[in-house]
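This is a predicted model, so every value here is computed, not measured. Chain letters run A, B, ... following the sequence lines, proteins first and then strands; every chain starts at 1.
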2 protein chains.
Amino acid sequence: MATNPLTQLPGYLLRRASAWTMAALAKRLEEFELTPTEASVLVVIASNPGIIQSEIGRMLGIVSANMTPLVGRLEQRELVKRLPVDKRSFGLRTTRRGAAIADRAFTAMQEQEDALIESVPAKNRATFLQTLQDITSVLDE
Amino acid sequence: MATNPLTQLPGYLLRRASAWTMAALAKRLEEFELTPTEASVLVVIASNPGIIQSEIGRMLGIVSANMTPLVGRLEQRELVKRLPVDKRSFGLRTTRRGAAIADRAFTAMQEQEDALIESVPAKNRATFLQTLQDITSVLDE
DNA sequence: TATTGTTATACTCTATAACTATA
DNA sequence: TATAGTTATAGAGTATAACAATA
């Protein structure tokens, strides 16, 4: 019987768990014609009206070169509008439609989280979330 | 101050933690000219001599269409050889060089794991690993 | 000088469809 | 019929380099 020596490595398990979650989330978001990355940007804009592109990038770990076309698509679909804050940057806000979709997308994300956490014993869930927060909070050093 | 509403979602945190780990691992593996995926396949072959391509794919969650060029590269670099087991499949084995590199790559992976787990309080580490195993073990239903 | 945003480009990983050949 | 492997192709995410304009 073949064995997988990688199943003892948390980094590998992280990758598999993440890949599965993202694939499942992508399916849930098809309804809104949003990829997981697009949805995350939209949700951040919705809860931070006036935020500029570069700050979203820092928050979500997206380099600025990739923010441009991403925000461009959201703007073109009239989910987001850009209001100049000075001569080199724009504050981003959701449109009415964008806000409604951000809300529904966030709900879809939460439902996906529930599906993920289902296989974790209830007593370990809080610790698991805390551990993930511990790990991710030191990533941008 | 801008806030990130996604930091309460384990799936999002999983994605960030995974992305960071994979980027760091990719850097560590540059020395061997292996991507994380290539390294994982090589390590699985090293510890399962004679395993066939489709079984590796099932084990690691790689569809067969992507296994072909991946194994092809390993074979071309003479890290792996293919021995026919019947007329439609090959058993894969590492060469002497492949085995040595698999060993060093696996060590690099373990070192990366140590770096990842460093920010997790010692008392939570075993539970974290167990939780990840709980999650990943039910993915292929 | 540092920051914001942009264009161009490339690589890795992943996925599906369509196919041949074999079990 | 199901399985093993292949080819072709596409999309999503990420990364770097080079640049213009502004703070």
Practice prompt. Assess the side chains of A:Thr37 and B:Arg15: does a donor N or O sit below 3.5 Å from an acceptor N or O?
Written response: yes
Worksheet item: Looking only at side-chain N and O atoms, does A:Arg73 come under 4.0 Å of OP1 or OP2 in D:dA12?
Response: no
Worksheet entry | Position toward the 5' end of DNA chain D (nearest nucleotide), B:Asn66 or B:Glu55 | B:Glu55
Worksheet item: In whole Å, what is the span from the CD atom of A:Glu38 to the C1' atom of D:dT14?
Response: 15 Å
Worksheet, complete the sentence: The nucleotide from D:dA12, C:dT14, C:dT4 with an atom nearest the side chain of A:Thr35 is D:dA12
Discussion item. Looking only at the side chain of A:Ser54 (C-beta and beyond, no hydrogens), which of the listed nucleotides C:dT6, D:dT6, C:dG5 gets closest?
Written reply: C:dG5
Worksheet, complete the sentence: Whichever of A:Met67 and A:Ala19 has the more 5' nearest nucleotide on DNA chain C, that residue is A:Met67
Discussion item. What's A:Ala23 touching, base or sugar-phosphate or nothing? Going by heavy atoms closer than 4.0 Å.
Written reply: nothing
Discussion item. OP1 or OP2 of C:dT4 versus the side-chain N and O atoms of A:Arg82: is any pair under 4.0 Å?
Written reply: no
Item to complete: Would you indicate, yes or no, if C:dT4 has its OP1 or OP2 atom less than 4.0 angstrom from a side-chain nitrogen or oxygen of A:Ser89?
Response: no
Fill in: Interatomic distance, B:Leu34 CG vs C:dT12 P [rounded to whole Å]
11 Å
Worksheet item: Hey, any chance B:Val80 and B:Ile52 share a hydrophobic cluster, counting ILVMFWY side chains that come within less than 4.5 Å of each other, even indirectly?
Response: no
Discussion item. Just to be sure I understand the rule, does B:Pro36 reach a base, reach only the sugar-phosphate, or reach nothing, if contact means heavy atoms closer than 4.0 Å?
Written reply: sugar-phosphate
Fill in: Side-chain H-bond candidate by donor/acceptor type, B:Thr95 with B:Arg77, under 3.5 Å
no
Discussion item. Nearest whole Å is fine: how far is C:dT3 P from A:Ile51 CD1?
Written reply: 17 Å
Worksheet item: For B:Ile52 and C:dA21, what is the distance between atoms CD1 and P respectively, to the nearest whole Å?
Response: 19 Å
Worksheet item: In a check of salt bridge (Lys or Arg N to Asp or Glu O under 4.0 Å) between A:Glu111 and each of A:Arg104, A:Lys27, A:Arg28, which one passes?
Response: A:Arg28
Item to complete: Please determine, for the side chain of A:Lys87, which listed nucleotide (C:dT14, C:dA23, D:dT22) has the closest atom?
Response: D:dT22
Practice prompt. Measure from the side-chain heavy atoms of B:Thr37 and tell me the nearest of C:dT14, C:dT4, D:dT6.
Written response: C:dT14
Worksheet item: Can a donor-acceptor pair under 3.5 Å be found between the side-chain atoms of A:Arg88 and the base atoms of C:dT4?
Response: no
Worksheet, complete the sentence: Nearest heavy-atom contact between A:Asn4 and A:Leu6 is OD1-N, 2.9 Å
Practice prompt. To the nearest Å, give me how far apart CG (B:Leu70) and P (D:dT7) are.
Written response: 14 Å
Item to complete: Would you kindly say whether B:Asp134 and B:Gln130 are connected by a side-chain donor-acceptor distance under 3.5 Å?
Response: yes
Worksheet item: Can you tell which of D:dT7, C:dA15, C:dC13 lies closest to the side chain of B:Val63?
Response: C:dA15
Discussion item. Both B:Gln53 and B:Arg15 contact DNA chain D. Which one's nearest nucleotide lies toward the 5' end?
Written reply: B:Gln53
Worksheet entry | Nearest-angstrom distance from the residue atom CG of B:Leu83 to P of D:dG5 | 13 Å
Item to complete: Let me know the distance between CG of A:Asp86 and P of C:dT3, rounded to the nearest Å.
Response: 14 Å
Practice prompt. Side chain of B:Ile62 only, please: which of C:dG5, C:dT14, D:dT3 is the nearest?
Written response: C:dT14
Practice prompt. May I ask you to say what A:Ala65 touches in the nucleic acid, namely base, sugar-phosphate or nothing, with a heavy-atom cut-off under 4.0 Å?
Written response: base
Fill in: Rounded interatomic separation in angstrom, taking CZ from A:Arg58 and P from C:dA2
15 Å
